[in-house]
Amino acid sequence: MIKMFDKINIVDLAVIIGLVAALILAIFYNQNELAMSIASGLLGYIGGNIKTAVTKKENEK
């Protein structure tokens, strides 16, 4: 069960937390365009990290 979480990358976690905080603030202050940009950037960042993690895992096997 713990093997699902091999390592927690502190830098990725900090970036994701920062982007989520910025997204919440942009929504709170009614900055719709900024919120949309942050949300798309957040999704792209997470998607890129997942793709990189899967590629690295396949190369280790």
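Atom set for the values below is all heavy atoms of this structure, side chains included, hydrogens, waters and symmetry mates excluded.
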Review item, side-chain donor-acceptor pairs of residues 35-42, under 3.5 Å, at least two apart:
from	atom 1	to	atom 2	distance (Å)
Ser37	OG	Glu33	O	3.1
Ser40	OG	Met36	O	3.3
Ser40	OG	Ser37	O	3.0

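- In this structure, Leu43 shares a hydrophobic cluster with no other residue, the cluster being traced through Ile, Leu, Val, Met, Phe, Trp and Tyr side chains under 4.5 angstrom apart.
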In residues 15-27, what donor-acceptor pairs under 3.5 Å come from side-chain atoms, sequence neighbours left out?
none

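- Counting only heavy atoms from C-beta outward, the side chains of Tyr29 and Leu34 never approach each other to under 4.5 Å.
- The hydrophobic cluster around Ile10 extends to none of the other residues, as no ILVMFWY side-chain heavy atom falls under 4.5 Å of it.
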